[in-house]
Protein chains: 2
Amino acid sequence: MKLSKRKEKILKAVVESNLSSGEPISSKAIQQEYLPDVSSATIRNELMSLEEMGYLTHLHTSSGRVPTTEGYRKYVQELMPTKKLTKKEVSQIQSNFTDKLVSLNDIMVRSAKTISDACNYASVVYFGAKDTATILQIKIMTISDSTKLVVVATDLGVISEMANLGEVSQTELDEAGRIMTEIFAGKPLSSLEDQRYRISKELVKYKQIFETIIDTIAKRDNTKIAVAGKEKIMDYPEFEDVNKLKNAIKLLDNDEKLLPILKNSSSGDGVEISISVGGANDDLSIVTATYKIKGDKTFSTGVVGPVRMDYAKAISVLKEVSDTIKDITDKE
Amino acid sequence: MKLSKRKEKILKAVVESNLSSGEPISSKAIQQEYLPDVSSATIRNELMSLEEMGYLTHLHTSSGRVPTTEGYRKYVQELMPTKKLTKKEVSQIQSNFTDKLVSLNDIMVRSAKTISDACNYASVVYFGAKDTATILQIKIMTISDSTKLVVVATDLGVISEMANLGEVSQTELDEAGRIMTEIFAGKPLSSLEDQRYRISKELVKYKQIFETIIDTIAKRDNTKIAVAGKEKIMDYPEFEDVNKLKNAIKLLDNDEKLLPILKNSSSGDGVEISISVGGANDDLSIVTATYKIKGDKTFSTGVVGPVRMDYAKAISVLKEVSDTIKDITDKE
DNA sequence: GTTAGCAGTCTAAATGCAAGAGTGCTAAAA
DNA sequence: TTTTAGCACTCTTGCATTTAGACTGCTAAC
């Protein structure tokens, strides 16, 4: 439904006022600060109408208006001005990616840190590409009698993990690596898990080695999400409430909870905003930007902050970071 | 100063009551629950005396007594009963270390998780041994044209990290690895940093490679402390206060703040208790256990919880974990 | 369609009161 | 000298009441 110009102005005023102060706003204040040309009574009428539409709400009879989640959504979708980052901010972001990133983990961790620093909220990075990264080569190296190092090189970076394979000669390890490379080269990383059954049946000789390697890589993959800047959101006034703070931290510390939210909101390509995510976490918003790199590999970045956060800035930062990552990974 | 038997009993009663309830205790309650043989008036006199000595305090005229930090200290040092872990608890702890640990990181992370789970507080692990681990071998492997994998094997486990060394042949890498092994084998890990100047001067040919490797390993080493179970302490009632909660989380999220506390309290060998650590963090206690493994390498484990925590249990858990780690590392 | 004006509602802060908890002191008992 | 009973005193906590102030919603006039 299309709002009248004046209703748009008023909704915008309510949201922006709430964004900066966190307090409800009265009809009189709207008149004084945003719309001096009409009377507060007229604004009151409009407010009532916007409230009926579900964009605003009322805490009690004599309190000013605050936007509903719906109101926020309308704002970010239709009314919000875009914000351009300053040159300084852009170069600040880019400077975090000047040295070459060699492991998948590096990219995630670095991105998360960069985003969080740039917009002063917490940030999450989900590198969906991790599952679909294309395997290039698998090597196993001898470290000590029983400890071996498994290295999986992919088109997006390298994963290396120690594994305890027992006493196996380097010759055998080389062969095992060669065979695994033959089977998996060109396939996505996730195929390691998927084809576990087939492999262990087909290649009886190295069954034990394969299984250990698959377990090791799979285990390593458990930390799927990089989170940065948790401490940053603690200072926003909405988290003066202990329970809200606890909820926020528990969410950010828990990959299992975070993942569905991230995956869900990043269904489309591009920027998506989820306001009031999670049942108990009414006070958290997540702005996500999902991009494809190297063709079809998803890369989701997100800013996690209070519902009244600077959405415009968050979006700009995410776009900048995503573009930078894209540049890096596609260049190679 | 030695306390009379009765004063000891009363101090013990106040501390233990406070430990379990978190509330101040009155003279009458002490009489009923701990010392039925004397009147509450007598207890009141003793309480006054203990207060003068600095072990107890008073929130206001008509409130019961709570222990001071000094009182807690006296308690844990002289009055606390030792607590034996149940068989179940012991095997629970040991079961976390059954599969072989191959990297230094593994040991830290696993220990932290185990401790936190066993006593339901947050835990920190500082593997001082990391700096002094003896280097056994250094290898550099080719992953792609420019990306190489640096592997440093030590007596305590392996460190592997990706580095961008540019286009160098495997032959050269082998030689560089061989030379570095020759120089560093038998020396502590920290010598990599320490001898940076000497090396880069002595071995001009591989200077670039050496420096990159040293940087890489040093960078990796930045995360010196493993922290686990942050979310566990959030549910203790003392952290209903937002600021206390914030302080606790900020401390646990900040290695730079944590390290001096850990290093400091683990100056001696064995168990140490720091109550009310950090200026603003009056409500956190850290119980640390520091041990030497493989001769002279320090390994500090710690339990971080509210001041009124189950110290006896924490100590037992730390001892058990430390013993287990010692077994593992010394066996090899 | 817009506005002024006002009654009505709700909050938030201040005030006062009563009940209860626990101490500190005194004087008597052991 | 130590212990105890008893009581006055202090402070907290919870509750009810009041008051001032902030806004709205409605009505009637512009």
Side-chain angles (χ1 to χ4, degrees), chain A residues 2-11 13-18 20-68 71 237-238 240-241, chain B residues 2-11 13-18 20-68 71 237-238 240-241:
Chain A
K2 192 82 180 132
L3 294 178
S4 73
K5 268 276 165 288
R6 192 167 66 192
K7 280 204 175 59
E8 282 192 349
K9 268 192 186 170
I10 291 175
L11 177 54
V14 176
V15 174
E16 287 178 0
S17 156
N18 188 262
S20 68
S21 75
E23 299 293 312
I25 190 168
S26 71
S27 54
K28 203 172 151 201
I30 295 178
Q31 187 214 9
Q32 286 169 352
E33 295 162 37
Y34 297 87
L35 283 180
D37 301 339
V38 287
S39 76
S40 67
T42 307
I43 294 173
R44 275 204 290 287
N45 289 331
E46 296 284 43
L47 288 173
M48 276 166 76
S49 162
L50 283 165
E51 182 158 351
E52 269 169 26
M53 296 177 187
Y55 295 127
L56 298 180
T57 187
H58 231 157
L59 301 174
H60 53 83
T61 6
S62 69
S63 85
R65 298 305 206 290
V66 283
T68 57
E238 22 274 283
E240 282 304 301
D241 179 326
Chain B
K2 190 84 180 133
L3 294 178
S4 73
K5 268 274 165 291
R6 192 167 67 193
K7 281 204 176 59
E8 282 192 347
K9 269 192 186 169
I10 290 176
L11 178 54
V14 176
V15 174
E16 287 178 359
S17 155
N18 188 261
S20 68
S21 74
E23 300 292 311
I25 189 168
S26 71
S27 54
K28 203 172 153 201
I30 296 178
Q31 188 214 8
Q32 286 170 350
E33 294 162 38
Y34 298 86
L35 282 179
D37 302 339
V38 287
S39 77
S40 66
T42 307
I43 294 173
R44 274 203 292 287
N45 287 332
E46 296 283 44
L47 288 173
M48 275 167 78
S49 163
L50 283 165
E51 182 158 351
E52 270 170 26
M53 296 179 189
Y55 295 127
L56 298 180
T57 188
H58 232 155
L59 301 174
H60 54 82
T61 6
S62 69
S63 86
R65 299 302 206 291
V66 284
T68 58
E238 21 273 283
E240 281 305 300
D241 179 324

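A note on names: the letters A, B, ... follow the listed sequences, proteins ahead of strands, and every chain is numbered from 1.
By the 4.5 Å heavy-atom criterion applied to side chains, B/Met53 and B/Leu3 are counted as neighbours. Side-chain atoms of A/Asn18 and A/Glu23, non-hydrogen and from C-beta on, never get closer than 4.5 Å to each other. No side-chain heavy atom of B/Leu56 sits less than 4.5 Å from a side-chain heavy atom of B/Thr68. Side-chain atoms of A/Leu35 and A/Thr42, non-hydrogen and from C-beta on, never get closer than 4.5 Å to each other. Using a 4.5 Å heavy-atom threshold, the side chains of B/Lys7 and B/Leu50 count as touching.
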Using a cutoff of under 3.5 Å, can you pull out all pairs of nitrogen or oxygen atoms linking the protein to nucleotides 2-4 of chain D, with atom names and distances?
residue: D/dT3; atom: OP1; partner: B/Arg6; partner atom: NH1; Å: 3.0
residue: D/dT3; atom: OP2; partner: B/Arg6; partner atom: NH2; Å: 3.0
residue: D/dT4; atom: OP2; partner: B/Ser39; partner atom: N; Å: 3.0
residue: D/dT4; atom: OP2; partner: B/Ser39; partner atom: OG; Å: 3.2
residue: D/dT4; atom: OP2; partner: B/Thr42; partner atom: OG1; Å: 2.4
residue: D/dT4; atom: O5'; partner: B/Ser39; partner atom: OG; Å: 3.4

Dump every N/O contact between nucleotides 15-23 of chain D and the protein below 3.5 Å, one line per pair.
residue: D/dC23; atom: O4'; partner: A/Ser62; partner atom: O; Å: 3.1

message = Using the rule given for side-chain contact (heavy atoms from CB on, under 4.5 Å), can you reason through B/Leu47 versus B/Ser27, listing the C-alpha separation, both sets of side-chain angles and the distance that settles it, and then say yes or no?
response = CA-CA 8 Å; B/Leu47 288 173; B/Ser27 54; 4.0 Å; yes

inquiry  = For a side-chain contact (heavy atoms from CB on, under 4.5 Å) check, start with the C-alpha distance between A/Tyr34 and A/Ile25, then their side-chain angles and the critical distance, and finish with the verdict.
reply    = CA-CA 11 Å; A/Tyr34 297 87; A/Ile25 190 168; 4.1 Å; yes

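Whole-Å rounding puts the A/Glu51 CD to D/dC26 C1' distance at 15 Å.
Side-chain atoms of B/Glu46 never come within 3.5 Å of backbone atoms of B/Arg6 as a donor-acceptor pair (strictly under, hydrogens ignored).
One finds a salt bridge joining A/Lys2 and A/Glu8 here, because a Lys/Arg side-chain nitrogen approaches an Asp/Glu carboxylate oxygen to under 4.0 Å.
With a cutoff of under 4.0 Å to any heavy atom of chain A, the contacted region of DNA chain C is bounded 5' to 3' by C/dT2 to C/dT11.
Here the closest non-hydrogen pair linking A/Ala13 and A/Ile30 is CB-CG2, 4.2 Å.
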